[in-house]
Amino acid sequence: MERRKILIATKTYPSISMTYRETVCTAGVLLDDSENPIQWIRIYPIRYRYLDSEQRYPRWSIISAKIEKNPKDYREESFRINDESIQIIRKISTEKNWEERKKLILPSHLKFSSIEDIKSQGKSLGIIKPKSINKYYHKQDAREWSLRQQSIQNQLDLFEPSVKLEKIPYKFYYSFVSQNDTNHKFSIIDWEIQELYRKCRNSSKKSIQQEKEKEALEKMRQKLEDDFLKTKDLYFIVGNQQRFPKGFMIIGLFYPPRVKSEQLSLL
């Protein structure tokens with residue numbers, strides 16, 4: 001394995017794993033020693049919630065870690081990581097309208113015009129700017145993990161305490177048009193968005209669970225539709241799954257504020 005620098009751009013909500021109990025897929029940008037962006041990178045498996053506290057890298061941090069190409073994954077962006085080697089170097093701020101974050105994540109060789117552009121280049125991970133967004137919406141999902149998933153979570157480990165993973169009973173989506181005028185409906189599996197739901201629900205003053213959830217879902221709509229579509233310069237970090245290479249999802253949202261000239265053009 002080789003020690004490299006990586007910008008952490010997004011993390012997916014944890015998934016249950018037969019081998020690792022649970023894993024998180026992290027997408028970011030591989031950097032050179034001078035912290036110039038090289039390529040998109042996917043690092044997994046990472047048992048993020050079981051990492052030592054000083055190794056739990058926040059989003060938009062630059063880390064140093066030992067990585068190697070994943071020989072079991074055909075996707076060129078996929079790397080394995082030695083999570084014990086993780087060192088957090090620094091956090092990238094939002095100063096000057098997210099200037100440094102934009103320099104690291106939006107150079108021309110990291111941007112794509114559409115999902116079809118990503119596929120045509122043989123890639124499985126990238127960032128796109130939608131031409132327009134039709135709507136944000138949600139769908140109800142199962143409230144409990146499957147019996148198999150529950151049994152994996154309930155496995156006893158003498159050396160690690162079990163940290164129960166909450167099942168989010170909703171899935172979140174954007175319906176949008178890409179730059180080549182293709183319509184898409186993509187699910188959002190960004191951990192940050194799942195946490196937004198939990199935060200809104202848990203802060204609700206309602207006494208009935210159903211009302212707490214209804215209020216949380218409306219607050220999310222206000223944030224991801226009313227706020228983001230009017231005040232943010234919204235990009236989607238998208239990727240596929242190894243088993244389903246043709247299907248892409250939104251694994252992260254990049255939402256720097258619109259500059260004033262862009263906001264005036266919308267009036």
Side-chain angles (χ1 to χ4, degrees), residues 8-17 21-27 47-51 53 56-61 91 94 98 130 132-155 161-176 184-238 249-258 263 266:
I8 303 300
T10 187
K11 301 190 293 284
T12 63
Y13 192 71
S15 58
I16 306 298
S17 166
R21 187 181 292 178
E22 72 174 55
T23 62
V24 168
C25 179
T26 297
R47 303 176 68 213
Y48 185 84
R49 299 195 308 151
Y50 292 88
L51 293 176
S53 57
R56 292 181 190 171
Y57 48 84
R59 191 176 186 186
W60 301 118
S61 59
K91 180 81 180 287
T94 58
W98 295 33
S132 62
I133 295 177
N134 299 321
K135 65 175 180 177
Y136 156 82
Y137 62 102
H138 70 271
K139 289 183 179 180
Q140 198 156 1
D141 194 26
R143 291 191 167 271
E144 301 293 340
W145 298 108
S146 68
L147 292 177
R148 183 183 181 187
Q149 290 169 324
Q150 290 182 40
S151 67
I152 292 172
Q153 286 203 91
N154 292 335
Q155 290 175 358
S162 178
V163 185
K164 187 170 178 58
L165 178 66
E166 180 181 351
K167 176 71 172 63
I168 305 297
Y170 297 95
K171 290 186 176 181
F172 311 105
Y173 299 83
Y174 271 123
S175 169
F176 67 97
H184 298 283
K185 294 179 179 179
F186 280 7
S187 63
I188 310 166
I189 59 172
D190 186 342
W191 193 345
E192 185 177 275
I193 302 306
Q194 319 300 314
E195 283 300 309
L196 175 62
Y197 166 77
R198 295 179 71 246
K199 181 179 179 180
C200 292
R201 181 200 61 197
N202 294 345
S203 64
S204 173
K205 303 300 182 182
K206 304 290 186 181
S207 57
I208 301 174
Q209 180 70 13
Q210 185 177 1
E211 292 180 350
K212 288 177 179 286
E213 293 184 4
K214 183 178 179 181
E215 182 179 281
L217 292 169
E218 173 56 20
K219 286 184 177 180
M220 289 192 66
R221 188 201 64 78
Q222 292 172 3
K223 181 75 171 178
L224 297 178
E225 188 170 79
D226 293 348
D227 180 23
F228 274 24
L229 303 193
K230 293 177 182 177
T231 68
K232 307 299 182 184
D233 188 19
L234 186 60
Y235 292 79
F236 296 154
I237 302 171
V238 295
M249 300 170 289
I250 299 171
I251 60 177
L253 300 178
F254 183 57
Y255 46 92
R258 290 184 186 272
Q263 292 174 325
L266 297 175

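No hydrogens, no waters, no symmetry mates; every other heavy atom, side chains included, goes into these values.
In this structure, the side chains of Trp145 and Ile152 stay at 4.5 Å or more apart for every pair of heavy atoms. Residues Lys223 and Cys200 form no side-chain contact, since every pair of their non-hydrogen atoms from C-beta on lies 4.5 Å or further apart. Between Lys185 and Tyr137, the closest side-chain pair of non-hydrogen atoms falls below 4.5 Å.
Tyr136 and Phe172 have parallel rings, their planes meeting at less than 30° on a 0 to 90° scale where 60° marks the start of perpendicular.
Expressed to the nearest 0.5 Å, how far CG of Leu234 lies from CG of Asp227 amounts to 10.5 Å. Atom CD1 of Ile237 sits about 10.5 Å away from atom CD1 of Ile250, to the nearest 0.5 Å. The distance from the CD1 atom of Ile188 to the CE atom of Met249 is 12.0 Å, given to the nearest 0.5 Å. In this structure, the separation between NZ on Lys219 and OG on Ser204 is 6.5 Å, given to the nearest 0.5 Å. With rounding to the nearest 0.5 angstrom, the CZ atom of Arg59 is 11.0 Å from the CD1 atom of Ile8. Taken to the nearest 0.5 Å, the NZ atom of Lys11 stands 11.0 Å off from the CZ atom of Arg56.
In this structure, Asp190 and Gly252 approach most closely via the heavy-atom pair OD2-CA, 3.4 Å.
Checking each of Leu224, Thr10, Ile168 against Ile193 for a side chain to side chain contact (heavy atoms under 4.5 Å, CB included) leaves exactly one that passes, namely Leu224. Checked against Phe236 for a ring-ring contact (aromatic ring centres under 6.0 Å, His included), the options Phe228, Phe254, Phe176, Tyr173 give a single hit: Phe176. Test Arg143, Arg198, Arg49 against Glu166 for salt bridge (Lys or Arg N to Asp or Glu O under 4.0 Å) and you get one pass: Arg198.
Under a 4.0 Å N-O distance rule, the pair Glu218/Arg221 qualifies as a salt bridge. With respect to Lys212 and Glu215, no salt bridge is recorded, no charged nitrogen being found less than 4.0 Å from a carboxylate O.
Separation of the Tyr170 and Tyr197 ring centroids falls under the 6.0 Å cut-off.
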List the steps and the verdict of side chain to side chain contact (heavy atoms under 4.5 Å, CB included) for Asp141 and Lys167. CA-CA 9 Å; Asp141 194 26; Lys167 176 71 172 63; 2.8 Å; yes
May I have the step-by-step check of side chain to side chain contact (heavy atoms under 4.5 Å, CB included) for Met220 and His138, ending in yes or no? CA-CA 10 Å; Met220 289 192 66; His138 70 271; over 6 Å; no
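For Lys171, the NZ atom sits in a loose shell: 12 or fewer heavy atoms of surrounding residues, nucleotides or ligands are nearer than 6.0 Å. Within 6.0 Å of NZ in Lys91 there are more than 12 heavy atoms belonging to other residues, nucleotides or ligands. Atom CD of Gln209 has more than 12 neighbouring heavy atoms from other residues, nucleotides or ligands inside a 6.0 Å radius. Counting non-hydrogen atoms of neighbouring residues, nucleotides and ligands closer than 6.0 angstrom, the CD atom of Gln210 reaches no more than 12 such neighbours.
In this structure, the side chain of Thr12 does not engage the main chain of Ile189 through any donor-acceptor pair within 3.5 Å.
In summary, the side chains of Thr26 and Tyr57 do present a donor paired with an acceptor at a separation below 3.5 Å, with no hydrogens or angles considered.
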